[in-house]
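The model shown is predicted, which means the values in this text are computed figures rather than measured ones.
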Amino acid sequence: MTRPEPGLSATMAEVRALGWQAMACPMLDITPLAPVAPENFRAALVTSANALPALRDWPRDRLLVAVGAQTATRARQAGFSHVEAADGDARALALFCRTRGITGAHVLLASGEGYGLDLARDLDVQRAEVYSACKRVTLPNEAAAALREQRVEAVLLYSGKTAEAFQEALGAEDVTALSAVRALCLSEAIAARLNPKEWRAVTWPDPLKQLGPVI
C-alpha cells in the first residue's frame, strides 16, 4: 500500500476486508501548507484528500468537486454537504467540470505543489498549492523484505508521484522481483509511468476491484 495518509489506513482496511494481508509502504511525505480563504470562490476542486485541510474555513454548503468517490467521501466526513465526484483522475475531473460549467476565475483548484497546472489552464480556474508531497527514497524494511522474498502479490498505486517514488526506491534485486507482482493503478496515466515488462501485469482503474477478494 504505497499511498500516504490520509487514505492509507482506510485503504488498508478495505484490502483486509477482501481477505488480503495489507502492508504499509507509503512513498510520499505530505506536509500541509497555508489554508485558503473562501473569498469570492463559488466552488472548490480537489484532486486529493490531502487538499481538504486547506479548506477548513470554507462554508460547508459550498460546492466541492472531488476527483473520485474516495476523496468525495473524505470531504463529506469533513462536513461538506454539497459534494460532487468525478470518475477517477484529473482528465475525468476536467470533463466533469466543463460539461457542468464549473470553470472560470471564481472556481479554486486546491492542489499539491507542482500538481494541477494543466488542469487549471484547461478550466481557466485559480489554483492554490496547499500541500507538498516529498518522495521517500527507500522502501520500508518490511516491504523491501517481502518483495525480495516474493511474498507480494500486488502493489497499489494511487498517484503518478507515488509510482515514481516507488520505482526510484527499488534496487536491482527489487526490480527483478516485480516480475511476479501486479501493479494496480488508479488511472491509465499512472500506469503509463511504469514499464509493463518489469511487472507480471499492469492494470487500471479501480485497484481494489482489480485486486478482488481472496478465493
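- No side-chain heavy atom of Thr31 sits less than 4.5 Å from a side-chain heavy atom of Tyr131.
- Looking at heavy atoms from C-beta onward, Arg98 lies in side-chain contact with Asp122 at the 4.5 angstrom threshold.
- By the 4.5 Å heavy-atom criterion applied to side chains, Arg136 and Leu28 are not counted as neighbours.
- Listed by first and then second residue, the salt bridge (Lys or Arg N to Asp or Glu O under 4.0 Å) pairs that reach into residues 60-80 come to none, sequence neighbours excluded.
- The CD atom of Gln70 lies 6.5 Å from the CG atom of Leu208; values are rounded to the nearest 0.5 Å.
- Side-chain N or O atoms of Thr71 include none that pairs as donor or acceptor with a backbone N or O of Val67 at under 3.5 Å.
- Of the inter-residue distances, the one linking Cys25 atom SG with Asn141 atom CG reads 10.5 Å to the nearest 0.5 angstrom.
- For the pair Thr11 (side chain) and Gly7 (backbone), a donor-acceptor distance under 3.5 Å is present.
- Counting all heavy atoms, side chain and backbone alike, Ala66 lies closest to Ala72 at CB-N, 3.6 Å.
- By the 6.0 Å contact criterion, CD on Gln77 is enclosed, its count of non-hydrogen atoms from other residues, nucleotides or ligands being greater than 12.
- Although no hydrogens or angles enter the test, the distance criterion places no donor-acceptor pair under 3.5 Å between the side chain of Ser179 and the main chain of Glu198.
- Among all heavy-atom pairs drawn from Ile102 and Ala43, the shortest one is CG2-CB, 4.2 Å.
- For Met23 against Ala146, the heavy-atom pair with the smallest separation is CE-CB, 3.8 Å.
- Glu129 and Gly114 make their closest contact through OE2-N, 3.0 Å (heavy atoms, listed as atom of the first residue, atom of the second, distance).
- The heavy-atom pair separating Ala75 from Val83 by the smallest distance is CB-CG2, 4.1 Å.
- Expressed to the nearest 0.5 Å, how far CD of Glu39 lies from CD of Gln126 amounts to 7.5 Å.
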Criterion salt bridge (charged side-chain N to carboxylate O under 4.0 Å, His left out) on Arg200 and Glu153, from CA distance to verdict: CA-CA 10 Å; Arg200 175 157 66 92; Glu153 164 65 24; 2.6 Å; yes

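- One N or O on the side chain of Glu5 and one on the backbone of Ser9 form a donor-acceptor pair closer than 3.5 Å.
- Under the 3.5 Å distance criterion, the side-chain polar atoms of Trp58 are matched with a main-chain donor or acceptor of Val36.
- Side chains of Thr2 and Tyr158 form no contact here, defined as non-hydrogen atoms less than 4.5 Å apart.
- The CG atom of Leu119 sits 7.5 Å away from the OG1 atom of Thr47 when rounded to the nearest 0.5 Å.
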Pair Leu211-Val15, side-chain contact (heavy atoms from CB on, under 4.5 Å): steps then yes or no: CA-CA 8 Å; Leu211 181 63; Val15 168; 3.9 Å; yes

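- Cation-pi contact between Arg100 and Phe96: present, with separation from the ring centre below 6.0 Å and deviation from the ring axis of at most 45°.
- Taking the side chain as every heavy atom from C-beta outward, Leu64 and Val46 approach each other to under 4.5 Å.
- Between Lys135 and Asp29, no side-chain nitrogen of the basic residue sits less than 4.0 Å from a carboxylate oxygen of the acidic one, so the salt-bridge criterion is not met.
- Taking 4.5 Å as the limit, every side-chain heavy atom of Glu168 sits out of range of all side-chain heavy atoms of Val137.
- With hydrogens and angles ignored, the 3.5 Å screen pairs a side-chain donor or acceptor of Gln167 with a backbone N or O of Arg193.
- Within a 6.0 Å radius of CG in Asp57, more than 12 heavy atoms belonging to other residues, nucleotides or ligands are found.
- Here salt bridge (Lys or Arg N to Asp or Glu O under 4.0 Å) pairs that include residues 12-27, with residues two or more places apart or in two chains, number zero.
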Pair Val107-Leu123, side-chain contact (heavy atoms from CB on, under 4.5 Å): steps then yes or no: CA-CA 9 Å; Val107 176; Leu123 297 175; over 6 Å; no

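- Annotation: side chain of Pro35 is not in contact with side chain of Pro53 (no heavy-atom distance under 4.5 Å).
- With values rounded to the nearest 0.5 angstrom, Cys185 atom SG is found 8.5 Å from Leu156 atom CG.
- Side-chain atoms of Leu178 and Leu147, non-hydrogen and from C-beta on, do get closer than 4.5 Å to each other.
- A donor-acceptor contact shorter than 3.5 Å links the side chain of Thr176 to the backbone of Ala172.
- Between the side chain of Arg182 and the main chain of Gln210, a donor-acceptor pair closer than 3.5 Å is present.
- Within the model, atoms CG of Leu55 and CZ of Phe41 stand 10.5 Å from one another, a figure rounded to the nearest 0.5 Å.
- A salt bridge does not link Lys161 with Glu113: every distance from a Lys NZ or Arg NE/NH1/NH2 to an Asp or Glu carboxylate oxygen is 4.0 Å or more.
- Closest heavy-atom contact between Pro4 and Pro26: CA-CB, 4.1 Å.
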Intermediate values then yes/no, side-chain contact (heavy atoms from CB on, under 4.5 Å), Ile190 and Trp204: CA-CA 9 Å; Ile190 297 170; Trp204 70 90; over 6 Å; no

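- Proximity of a side-chain donor or acceptor of Arg121 to a complementary backbone N or O of Gly116 within less than 3.5 Å is not detected.
- At least one donor-acceptor pair under 3.5 Å links the side chain of Ser159 to the backbone N or O of Thr162.
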